[in-house]
Structure formats: structure tokens, C-alpha cells
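Chain A is the first sequence line, chain B the second, and so forth, proteins listed ahead of strands; every chain is numbered from 1. Heavy atoms only: backbone and side chains are in, while hydrogens, waters and symmetry mates are out.
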Amino acid sequence: MARIPGMKTQRNAELGLLAFAMVLVAAYGATVEAGRIGEITPTFWVPAALLSVLFLGLHFVVRYTAPYADPVLIPAVALINGLGVGFLRRLDIGDALSEKQPIPGIFSGIGGRQLAWTLIALILAAVLLLVVRDHKVVSRYAYTLGLTGIVLVMIPAVLPRSLSEVNGAKLWIRIGSFSIQPGEFAKIALVSFFAYYLVRKREVLSLASRRVLGIDFPRGRDLGPVVTVWLLSLLVLVFEKDLGTALLYFGLFIVTLYVATERSSWLIIGLLLFFGGVYVAYLLGASVGGPFANFYDRAQVWLNPFDSENYERVGGSYQLVQGLLSLGTGGLFGSGPGGGSPRFVPEVQNDFIFAGMGEEIGLFGLSALLVLYLLIVERGLRSALAVRDSFGKLVAGGLSFTLGLQIFVILGGITGLIPLTGQTTPFLSSGGSSLMANWLLIAMLLRISNAARGPAASGGGTDRAGGGGKKAPAQLHGAMTEVIKP
Amino acid sequence: MNAPLRRAGVVILVLFGLLFANLNWVQAYKADDYRTNDYNRRVVVAQYERPRGVIEAGGQGVATNKITDDALKYLRVYPRKEVYAPVLGYRPVGLAATGIENAENDFLSGESDKLFADRVKDMFTGNNTGGGNVLLTLNTKAQETAWKELNDNERNVTKGAAIAIDPRTGAVQAMVSMPSFDPNPLVSHDEKAAAAAYNKLNKDPAQPLLNRSTAETKPPGSVFKVIVSAAALQNGYTTETEIEAGREYRESGAVIRNSEDEVCPGSQIDLKDALTTSCNTGFARLGVTLGRDKVLAAAKAFGFEDDQLTVGDLEGSGLPVAMSDTGKIANPDGSVDKGALAQSSLGQRDVRMTPLQGALIAATVANGGKQMRPYLVQKLTSPDLRTIYTAKGKVLREPINGQVADDLKDMMVSVVENGTGKRARIDGMEVGGKTGTAQNAEGADPHGWFVGFAFNDKGEAVSAACVMLENVPGGHASAEAARIAGLIMEAAAGQGGN
């Protein structure tokens with residue numbers, strides 16, 4: 001998209017915010033070293049500087065490919081990403097000290113690996129921005145993406161355990177020391193498929209319906225493909241015991257359906273199904289056991305984490321309790337970066353990173369992080385509101401909502417608000433798959449926000465196809481035109 | 001599509017609001033709970049960052065520290081092992097502490113408000129000056145004597161307890177329990193080894209972890225006659241009052257006989273002689289004559305039925321003391337069971353007493369009727385050895401007046417001079433006391449008791465003691481208890497010993 005003279009791109013605001021974020025990351029690195037080692041090493045600024053270079057690169061790609069994109073997204077995500085790298089490096093330093101080893105270099109340990117993953121994730125995001133110049137192009141590959149999504153989710157389930165299991169969760173593809181979690185990428189593919197399909201069937205879904213018990217149900221053939229894809233992924237996830245992701249896909253499906261049809265009955269049906277399913281699974285777990293026993297156990301752990309029986313049981317509440325104690329020990333102000341004992345919390349580099357950071361930055365620090373996350377999600381939703389085409393609205397809305405839901409599921413789990421299900425904390429947790437997938441998600445949001453905030457090419461703010469670009473993809477012309485056959 | 005998108009935005013806002021509210025709950029409201037939770041390893045590591053205060057007895061450290069190389073910097077050491085274990089307790093890494101280690105934990109760990117000034121100073125100097133020290137009232141000579149004599153007893157008894165108190169103040173001079181345990185393995189930084197050591201002790205049928213002087217109650221036998229005597233003296237009797245005795249006394253199905261035929265065979269005996277010879281029929285009749293309420297009131301006045309007492313500092317924290325109990329002495333319809341009253345007056349039937357309660361009875365008599373609250377903590381000193389607290393005796397209750405106390409003292413001295421407690425005599429001191437032989441299970445050897453007191457040559461009550469030996473073989477169960485009590489009181493008085 002060419003720049004229109006006189007229209008504000010706010011790219012300089014982005015640059016300024018990014019610089020501010022990187023100063024904070026450098027300051028965090030310095031306080032970690034002061035708190036843990038007792039001195040600030042001459043190299044404390046190196047991770048922040050490297051990250052600055054990387055984010056600056058992305059910034060220039062955005063300048064060139066998406067000049068009107070939302071200026072807050074990149075700095076906000078960069079700050080969280082940077083703090084994540086800083087905290088993982090803090091773990092490396094702590095481990096080295098407790099084992100009386102020399103402090104590792106910037107590029108070794110999990111902190112170093114996270115730096116490398118950030119580089120790869122940013123390259124992927126940049127490539128996406130460079131290749132996909134108009135988000136509507138994606139809709140051409142909607143069915144391919146839907147299929148890809150399912151395949152991605154299913155791969156670990158069909159692979160042998162030796163290639164797919166890490167810490168008891170069968171969610172991975174492992175080749176040597178390299179491992180990747182394909183399901184992380186599935187959500188972007190599935191959102192795109194849902195969005196395309198629902199946009200195409202929008203009018204049919206909202207108009208052709210059968211009235212049962214005062215609620216309008218769409219015809220089965222109109223909903224078939226979406227429900228199939230969704231049910232398949234849910235089934236697979238339930239068998240992989242990845243309940244958190246199953247919940248995410250459920251929420252994703254319900255919300256895109258709701259947004260597309262504008263019918264609140266979908267929300268009601270969805271919520272009833274969800275809570276009904278949860279309750280039935282709980283009851284089955286209590287009585288029948290079998291595949292539901294795991295579910296019942298988790299509910300018990302959530303309800304009584306401090307119960308000594310739950311605490312001492314293998315797979316019990318040990319991790320949850322240690323996370324809560326870590327958060328509680330942090331209190332309002334925290335013990336200061338580097339001043340806590342995050343290693344008392346199992347998986348603190350991963351699922352429980354929020355609890356580990358909470359001990360050191362306290363309620364005030366975590367509140368700031370929460371606000372930062374909220375800002376990202378709400379900025380995404382704002383792009384969805386402002387973008388002119390339905391496909392873009394659904395994709396941006398779906399992705400933002402899923403991101404928000406994922407944050408809720410993992411942070412709610414860690415803080416004991418809801419039963420714990422394993423999820424990564426976006427941009428914080430150690431691990432390449434999550435980082436890459438979520439940066440791709442941000443690139444997608446950047447792309448859509450560029451369309452939302454940029455000048456309309458022709459036709460103005462209509463919902464009709466062809467509103468966003470010079471060369472509207474052929475398929476979208478048919479998007480709203482399906483005839484209703486009673 | 002914008003309206004549902006906006007609503008989705010509101011949903012996200014609500015979800016984040018819930019997260020924020022819950023985070024406040026965890027990090028602000030529950031923070032203190034979590035910070036000090038037993039599962040929180042940080043508490044442990046932080047507490048081992050600075051040396052824990054030393055517990056001393058008679059100028060020697062009985063709970064000290066050793067610097068280690070592992071993550072927990074200081075290892076707790078108990079150099080006298082079994083001897084002081086029932087008093088000190090132990091402080092394991094992962095589990096709850098017991099004994100004085102538990103009762104004075106705040107002060108020993110340095111978290112007490114009393115050490116606030118030191119904590120503030122640490123904040124500025126950056127030092128970890130450690131916790132405050134606790135000085136026990138224990139007299140090391142008396143304690144070591146009690147331990148040695150109990151374990152080397154002449155009847156091969158394996159279980160028992162001994163306790164000695166300064167009657168004037170309530171300061172505990174000796175407190176031992178047999179068998180005891182070595183606390184050192186229990187505080188090992190290797191938590192698995194510590195747990196294994198604990199499980200072994202906990203499963204031992206001899207119950208070495210039980211502090212028998214405060215936590216175990218046994219039938220006191222004839223020791224209870226002191227209580228019945230007190231009830232009589234308070235109700236118009238004198239030491240010369242003749243009471244009915246005889247070879248045998250039948251009351252409501254209960255048959256009371258004397259321990260030997262030579263004891264009070266005549267129909268009358270005066271109160272003093274009845275106690276001196278431990279006349280069973282006399283006291284059983286006396287108890288029935290006085291009535292249940294007077295006997296129970298006297299027992300209660302001396303401290304029976306008190307389940308709140310602790311022995312530690314005078315502010316109320318310390319080792320919990322089991323409740324000594326007389327039982328109901330009632331028929332199912334609530335009326336007085338005279339047979340039970342007759343047996344209870346001899347300290348049998350449902351009467352149960354801790355050795356500490358026995359020592360308190362003797363101490364009350366020796367102290368002119370005032371029962372002082374027993375305590376173990378004499379002094380608290382800051383890490384730089386400033387005295388922060390010194391115990392001054394506190395009257396716990398006053399069960400009898402001075403006259404009754406004098407009469408009882410007279411009678412109890414007679415027991416040691418002329419009666420059943422001769423083996424408690426100490427050269428150069430005036431000693432009084434009362435023996436007890438308590439039948440328990442059918443066919444089992446009886447428990448031997450002795451409670452007594454000693455006055456020095458200046459006429460000061462210097463020590464009151466109680467020795468209890470469980471299941472003493474070979475007859476005259478109380479004689480060995482009397483012998484040991486005499487040696488403990490002698491050591492506590494600062495004479496003899498080693």
C-alpha cells in the first residue's frame with residue numbers, strides 16, 4: 001500500500017515507544033544482575049541491544065510494508081518479549097550460582113536460546129508482512145489452511161511417543177534436540193478458515209434457520225464443515241489431554257460464530273455446552289474414571305490445592321501451590337528482579353513463568369504486565385472494529401480474542417482462579433513454537449490494522465468485498481452472494 | 001459485526017478484571033499466609049541464613065549451631081542428645097518443631113517483636129546477626145543426675161519420668177523422660193534421612209518421643225492421699241484427728257485392703273500416722289466420709305482438670321501439659337458412686353496424673369500453700385547478649401492456706417522420717433514426701449511414684465520433685481522412685497551430685 005501524503009502513519013511514535021521499551025528491558029537486565037550477582041556486569045546491556053536491533057528491523061519492515069499499522073502493538077509485545085528473555089537469563093544466572101559454575105554467556109542457556117527464537121520469530125513475522133500484502137489474499141487458501149490446521153493438531157497424536165512426548169504431553173514433533181509444537185500454529189490457520197467460511201455463509205447462517213425452543217438453529221449443511229473441523233480438533237486435543245488448547249479452540253469457534261452471525265444465541269449455546277460438558281466430565285471422572293479421571297483429579301487439585309493429600313500426590317497440586325507461594329511471597333512490591341527463588345516452582349521457565357516473575361516484580365509489576373497484555377488484545381480488537389471487510393474483522397477479532405483467552409486460561413490457572421491447564425504465556429514462556437506462532441499472529445494483526453487505519457482505496461467503508469484493495473481476490477466476490485434456498 | 005466484536009472486547013475486559021482481582025487476592029490478601037506457609041521452602045532457606053539462637057542450661061549450650069557447606073547454612077546441634085531432648089524438642093528442616101524449639105521459635109529465629117531493634121539494625125548494617133538466646137531454668141547437675149539415676153535404676157525399669165521444681169518460684173530444675181531420643185538425626189538437612197529417623201522413633205512401641213513428665217498421665221496411687229489429707233485438713237480435721245481404719249473396708253462392691261497386714265490393722269488411726277504408713281482403709285473411709293465434692297474440689301484446687309497449663313515462659317507459650325483428671329466418681333444416674341469414691345481416694349480407679357502435677361503438689365505444700373506456675377525459660381538475651389526478659393515467679397493458684405500447708409508438710413516429713421518414703425532421705429536436709437504404688441492392668445507390675453520436697457539447713461524450700469517409674473518389678477515399687485527423687489533434690493539443692 002502506498003503512503004498517502006498528509007495522512008499520519010505514527011511510525012515515529014512506534015519507534016519512540018520501542019526505544020522506551022528497550023530501555024526498560026536493559027534496566028531490567030541490570031537490576032537482575034544487581035539483585036542476583038550483587039554487581040552489574042559490563043555486558044548487562046547486550047541482550048537489550050540485540051533485541052533492539054531485531055525489533056528495529058521489524059519496525060523498518062512495517063514502515064515499508066504496512067505504514068499505517070497500529071503503532072502500539074510492536075512496542076508492547078517487544079517489551080513483554082524482552083522481559084521474558086531477561087527473566088530466562090536470570091534463571092540461567094541463578095542456576096549457575098547455585099551449582100557454583102561461572103555465569104553463562106549471553107548466548108547460552110535458555111535465555112540465549114530465547115534470544116535466538118526471537119530472531120527466528122521476527123524473521124517469520126517480517127516474511128509474512130512482506131509476502132501477504134493484503135490480508136484478504138489469505139482467504140484464497142482458506143480450505144488449505146483449514147486442512148493444515150487439522151493436520152498440525154493431529155500430527156503429534158499419530159506420531160509414536162518417542163517422537164512426540166515431552167513431560168507426558170503428546171504435543172510435539174521431536175527430531176533430535178530440536179522440538180516444535182505444531183498445534184501452536186494451528187490456531188492462525190483455523191481462524192483464517194473459520195473466518196472465510198463464516199463470511200461466505202454469513203447470511204445463510206443468520207437467515208435460514210429452524211426455530212427450536214425459541215432459538216434459531218442454522219441448517220446442518222450450512223454449518224457442517226466448520227463443525228467438522230472444530231470437533232476433530234477438539235477430539236484430538238482431548239485425547240492428547242491438552243484441555244487448555246481444547247478450551248481455546250472452543251472459545252475461538254464460538255466467538256467467530258457469534259461475531260459472524262451477530263446472534264447471542266450462539267453464546268448461550270456455547271456456554272451451556274461448555275459448562276454442561278465440564279460438569280458431566282467431572283461427574284464421570286468421579287464415578288466412571290477412565291479417561292475422565294484426569295479431569296476429576298484436576299478439579300480436586302484446583303478446589304483444595306493445600307490439602308496434603310493433593311499436595312503429595314504425583315501429578316497433584318505441588319506445582320500450583322509452589323506457584324501460589326511464589327506469588328504470595330512477592331506480595332505487593334516483589335523481592336526485586338533477581339531477589340526471589342523462582343526455581344522452587346517447577347516449569348518456571350515455561351507454564352509458570354508468570355508466577356516466577358510475580359515473586360520478583362510483585363503485584364504492581366504483574367498488574368503492569370496484565371495491562372500490557374490487555375492493551376495488545378484490545379488494540380487487536382480495535383483493528384477488527386475498524387477494518388472494512390468481514391473477513392478481516394473475523395480474523396483480527398478471532399485472533400485477538402484467542403490471544404486474550406489464552407492469557408486468561410494460563411494466568412487464571414496459575415493464580416488458582418480456574419483449574420490449571422498447561423499453556424504457554426504468550427511472548428514470555430521459553431520456547432520457539434509459542435514465540436513464532438504468536439509473533440505470526442501479531443504480524444497478521446499488524447497487516448489488518450494497516451488496512452483498518454490506512455486510506456480506503458475505493459468504495460469507502462462498506463462491508464462488501466472489494467473494499468480493501470485494488471485487486472480484490474476473486475473468491476471474495478462471491479462471499480456475500482450465496483442465495484438462500486429454503 | 002461491530003456490535004458483537006465490541007461485546008467480545010467487553011468479555012476480555014471482564015476476564016482480565018477477574019485475573020486482576022484474583023491476583024490482588026493472592027498477592028495482597030493471602031500474601032502473609034503464603035509467605036509463611038509450611039510448604040514454602042523460602043521460609044526455611046531464609047531461616048537458615050542466619051544462626052538460630054542458642055538454648056543454654058547452666059552456662060552450657062544444649063542447642064547450638066554448626067556452619068555447613070550446603071544451601072541451608074546452619075545445622076542445629078544438640079550436644080547432650082537424649083538428656084535434654086524432652087525439654088528442647090527439635091527443629092526439623094521441613095516439618096514442625098517441638099518443645100522449647102517450637103515454643104520460643106519466634107525469639108530463637110529472631111522474628112520476635114522483642115528483637116525488633118536488632119532487625120532494624122541489621123537492615124542498615126546488612127548483617128545477619130541471628131536470633132536471640134534462651135536460658136533455661138534447668139539445673140544441669142539435677143538434670144544429669146535425674147537422667148543417670150533414671151536410666152541406671154536398680155529395678156531395670158525401662159520407662160519413667162522425673163521432674164524437679166523450685167517450690168519458691170516454679171522454675172523447673174530437672175525434667176527427664178525415659179526412654180528418650182537423640183534429636184540430631186531429626187534435624188539433618190537431608191530431609192529424607194530425617195523423615196526416616198522420625199518414622200522409626202514414632203513407630204517405636206516404647207514411645208521415646210513422648211515427654212512422660214508432662215504429656216503422659218498415670219494413676220498416682222497413694223500419692224493422691226496428700227490431696228485427700230488436704231481436703232480433710234480444710235474441713236476441720238487436724239493431724240491428730242482419729243480416723244477409722246481396719247484390715248478391710250467394703251463399700252458398694254469395692255473391697256479396700258492395705259498393702260500389708262501390718263499397716264493400720266486397728267480400728268482407729270490418726271491422720272498423720274495414716275499418711276505415714278499409707279493406710280488404705282483409713283483414706284478410703286476418709287474420702288467417703290468427706291464426700292465426693294470435697295475430694296474433687298481439693299484435687300481441682302491443686303491443678304487437676306486444668307487442660308490449659310503450659311510449661312515454657314511465664315507468658316504462656318511452652319510445652320503443653322496433659323490434663324490430670326480424677327474421673328467422675330458417679331453412678332450412671334449421676335449420684336455418687338461410693339465404691340468408686342473409696343478407690344479414687346487411694347488414687348486408683350479413674351484418677352490420672354502427670355509427674356509434673358505430682359511435683360506441683362509437693363511444691364505447693366513446701367511453699368506454704370502457694371502454687372507457683374512452673375516455667376522453663378529463665379532468661380531471653382539478644383544476639384549481643386543483652387538481657388531482654390527475666391522470669392520472676394508467678395503464683396498460679398493457692399489451693400490451701402498456710403496452716404494446712406504446715407500440717408501437710410509435717411505429715412509428709414513424717415512419711416520420709418518414719419514411713420514408706422525413707423529412701424528419699426538426704427543428709428543435712430529436711431525431706432518430706434509421699435509414695436505411691438499404682439495398680440494398673442491386671443497382672444502387670446505396678447507404677448512406682450514418689451513426690452517430695454527438700455528444705456535446706458536454713459529452712460528454705462529448695463526443691464520439689466516427682467519421680468514416676470512405669471511397671472516396676474519386684475515389689476515396693478515406690479522405694480526406687482523415692483531413692484531417685486532424693487538424689488535429684490540433693491543435686492538441685494547444690495549439694496552432692498558430681
Looking only at heavy atoms and a cut-off of under 4.5 Å, which of [options] has the most pairs with chain B?
options                                : answer
A:Leu394, A:Val377, A:Leu370, A:Ile414 : A:Leu370
A:Leu324, A:Leu332, A:Val255           : A:Leu324
A:Gly362, A:Gly397, A:Gly331           : A:Gly331

For [X], is it the side chain, the backbone, both or neither that has a heavy atom under 4.5 Å from a heavy atom of chain B?
X        : result
A:Leu405 : both
A:Phe364 : neither
A:Phe344 : side chain
A:Glu262 : both
A:Phe306 : both
A:Val345 : side chain
A:Val259 : both
A:Ile407 : both
A:Leu381 : side chain

Worksheet item: In terms of heavy-atom contacts, does CD of A:Glu309 have more than 12 from other residues, nucleotides or ligands at under 6.0 Å?
Response: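 No, the 6.0 Å shell around CD holds no more than 12 heavy atoms from other groups.
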Discussion item. Take a 6.0 Å sphere around OH of B:Tyr198 and say whether it holds more than 12 heavy atoms from other residues, nucleotides or ligands.
Written reply: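 For B:Tyr198, atom OH is not crowded (no more than 12 foreign heavy atoms under 6.0 Å).
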Discussion item. Let's go through A:Phe408 and A:Phe401 carefully: what are the C-alpha distance in whole Å and the side-chain angles of both, what is the deciding distance for ring-ring contact (aromatic ring centres under 6.0 Å, His included) to 0.1 Å, and is it a yes or a no?
Written reply: CA-CA 10 Å; A:Phe408 177 76; A:Phe401 188 83; over 10 Å; no
With only heavy atoms counted, which part of [X] is less than 4.5 Å from chain A, the side chain, the backbone, both or neither?
X       : result
B:Arg7  : side chain
B:Asn22 : side chain
B:Asn24 : both

Worksheet item: Between B:Lys159 and B:Glu216, is there a side-chain N and carboxylate O pair less than 4.0 Å apart?
Response: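 Judged by the 4.0 Å cut-off on N to carboxylate O distance, B:Lys159 and B:Glu216 do not form a salt bridge.
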Worksheet item: Does the pair B:Asp384/B:Arg386 count as a salt bridge with the N-to-O cut at 4.0 Å?
Response: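 Yes.
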Worksheet item: Based on non-hydrogen pairs under 4.5 Å, which of B:Trp25, B:Tyr34, B:Tyr29 is most in contact with chain A?
Response: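 Counting heavy-atom pairs under 4.5 Å, the top option is B:Tyr34.
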Fill in: Choice from B:Arg6, B:Arg41, B:Arg42 maximising heavy atom contacts with chain A below 4.5 Å
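The candidate making the most pairs under 4.5 Å is B:Arg42.
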Practice prompt. Give the ring-plane orientation class for A:Phe391 versus A:His135, where under 30° counts as parallel, over 60° as perpendicular and anything between as tilted.
Written response: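 Parallel, since the angle between the ring planes stays under 30°.
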Fill in: Polar contact flag, side-chain donor to acceptor under 3.5 angstrom, B:Arg52-B:Asn105
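The answer is yes; a qualifying pair exists.
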Discussion item. Using ring-ring contact (aromatic ring centres under 6.0 Å, His included), reason through B:Tyr90 and B:Phe181 one step at a time and then give a plain yes or no.
Written reply: CA-CA 10 Å; B:Tyr90 54 92; B:Phe181 62 98; 5.8 Å; yes
Worksheet item: Side chain of B:Asn184, backbone of B:Tyr78: donor and acceptor closer than 3.5 Å?
Response: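 Looks like yes, one N/O pair under 3.5 Å.
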Practice prompt. Give a yes or no answer on whether the side chain of A:Ser326 reaches the backbone of A:Gln322 with a donor-acceptor pair at less than 3.5 Å.
Written response: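 No, A:Ser326 side chain to A:Gln322 backbone: no donor-acceptor pair under 3.5 Å.
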Discussion item. Could you go through A:Ser383 and A:Asp70, starting from their C-alpha distance and side-chain angles, then the distance that decides it, and tell me whether this counts as side-chain hydrogen bond (donor to acceptor under 3.5 Å, both in side chains)?
Written reply: CA-CA 8 Å; A:Ser383 303; A:Asp70 191 303; 4.7 Å; no
